[in-house]
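In listed order, ligands and their atoms are each counted from 1. Note that these values count all heavy atoms, side chains included, but never hydrogens, waters or copies made by symmetry.
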Amino acid sequence: MRRVLVTGAAGQIGSELIPKLREKYGRENVVASDIREPSETLSDGPFEQLDVTDRDRLKEVVKEYDVDTVFHLAAILSATGERKPHLAWYVNMDGLYNVLEVARELELTRIFFPSSIAAFGPETPKEMTPQETVMRPKTIYGITKVAGELLCDYYFHRFGVDVRGVRYPGVISSVAPPGGGTTDYAVEMFYAALRHKRYVCFVREDTVLPMIYMPDCLKAAIDLMEADPSRLRHRADYNVTGMSFSAGELAAEIRKHIPEFTVEYRPDFRQKIADSWPRSIDDSAAREEWGWKPSYDLAATTKDMLEKLRRRFKEESP
Ligand SMILES: NC(=O)c1ccc[n+]([C@@H]2O[C@H](COP(=O)([O-])OP(=O)(O)OC[C@H]3O[C@@H](n4cnc5c(N)ncnc54)[C@H](O)[C@@H]3O)[C@@H](O)[C@H]2O)c1
């Protein structure tokens, strides 16, 4: 049985990964941690307030709970990173370095580090972006992700730390709001459609980006962490994707359920970031090496998101 620590657990992905891991490994065996206070969804098991830039405290928590596996989610995302580049470098690089150092020193079994499609840049082929390709991102967030992938490779080859990870596309989910990324519009649109029937979108209508729905996002992390090590030829850089669509196509899909929904397109600084990222992803390496296969397309995601949010809004204001 694993003893798991999740950093950045109060965020968009952590809020849904924690219940999934607790179901799988037992409530007491999964320690949630974040720099901020826990949300309600995290409070049914151990929680520690933990800043990943504080290596001594990280080590203390790992020792206290006898942790052998870390899902390292704490990070500053792309849009916030462009507003606060120094913070993004500090949290993303020192945080990862601290996790890898603790893993090396205390001989932890396995580490998960999510990279991102932000690791690609404008010179990267945009359609069916290959596993191995040009990696010259223009955002500080993307730079920390490429450097992070390389650091993970280094720790595996130099010190034998079994660190694994995927390059997530934009994540769509209904529990915790997204944390300041460039693909946040794809989540905000659902909330706005239900609450106000209108949305002002910060990218152009024809902006196409790869996305993944939360159940597939969690499946990717858990399946890769359980994968047979002898089959893995990559480390923290597996391309994965669920679907690709334009902002306009998402609005049209939502309109099938809420016909009066309207969207106004007013691109801001995030348009430039979106334009530097791939439109679709070739995830064949993940499919071949650890059996990756997503379940949700745009239609299934939209239907499920609207059902889940409707139920939640009803519960919140009966
Ligand atoms: N959500 C996406 O669309 C997406 C896409 C690609 C990759 N990722 C990656 O997945 C991981 C999780 O993303 P998310 O969407 O849940 O992000 P999020 O912003 O929702 O959550 C990140 C969490 O990290 C915490 N945090 C920030 N600084 C910290 C620090 N110094 N110490 C401890 N915790 C700190 C924040 O409080 C937040 O709860 C990140 O590494 C992100 O880069 C996310």
Side-chain angles (χ1 to χ4, degrees), residues 5-18 20 31-39 41-42 47-55 57-58 61 70-81 83-84 86-99 111-120 137 139-149 152 163 165-188 209-214 216-218 220-221 224 236-242 270 273-274 277-278 281 301:
L5 171 69
V6 179
T7 70
Q12 186 189 7
I13 297 178
S15 299
E16 297 195 54
L17 181 63
I18 290 288
K20 199 89 191 161
V31 184
S33 73
D34 203 287
I35 197 169
R36 53 180 162 135
E37 292 287 321
S39 65
T41 49
L42 304 183
F47 178 88
E48 290 289 331
Q49 205 150 8
L50 170 66
D51 179 344
V52 291
T53 62
D54 181 348
R55 197 188 320 161
R57 172 96 179 103
L58 173 67
V61 172
V70 180
F71 286 76
H72 175 49
L73 304 183
I76 304 298
L77 272 64
S78 57
T80 309
R83 289 190 182 110
K84 300 175 183 172
H86 303 98
L87 180 72
W89 177 262
Y90 179 52
V91 172
N92 297 6
M93 293 318 303
D94 282 28
L96 176 62
Y97 179 69
N98 288 342
V99 169
I111 308 296
F112 180 76
F113 164 70
S115 182
S116 161
I117 55 160
F120 301 115
T139 60
I140 192 70
Y141 174 68
I143 292 166
T144 65
K145 289 300 184 187
V146 178
E149 289 180 8
C152 289
V163 49
V166 296
R167 292 174 182 145
Y168 279 131
V171 178
I172 299 177
S173 69
S174 59
V175 175
T182 300
T183 52
D184 289 11
Y185 65 89
V187 180
E188 289 170 7
L209 286 172
M211 304 276 177
I212 193 168
Y213 191 38
M214 186 58 89
D216 283 331
C217 167
L218 302 181
L224 175 57
D237 58 357
Y238 281 102
N239 279 5
V240 292
T241 189
R270 289 168 282 191
I273 302 178
W277 289 356
I281 297 287
T301 300

Nearest heavy-atom contact between Pro38 and Leu42 is CB-CB, 4.2 Å
If you look at every heavy atom in Ala32 and Ile18, which pair is closest and at what distance? CB-CD1, 3.6 Å
Side-chain (Ser15) to main-chain (Gly11) donor-acceptor, under 3.5 angstrom: yes
Is the backbone of Val91 close enough, under 3.5 Å, to the side chain of Asp94 for a donor and an acceptor to pair up by distance? no
Amino acids contacting ligand 1, non-hydrogen cut-off under 4.0 Å: Gly8, Ala10, Gly11, Gln12, Ile13, Asp34, Ile35, Arg36, Leu50, Asp51, Val52, Leu73, Ala74, Ala75, Leu77, Val91, Pro114, Ser115, Ser116, Tyr141, Lys145, Tyr168, Pro169, Gly170, Val171, Gly179, Thr183
Ring pair (Phe, Tyr, Trp, His ring centres under 6.0 Å) partners of Tyr141, counting only residues at least two apart: none
If the plane angle is over 60° it's perpendicular, under 30° parallel, otherwise tilted; pick one for His72 and Phe113. parallel
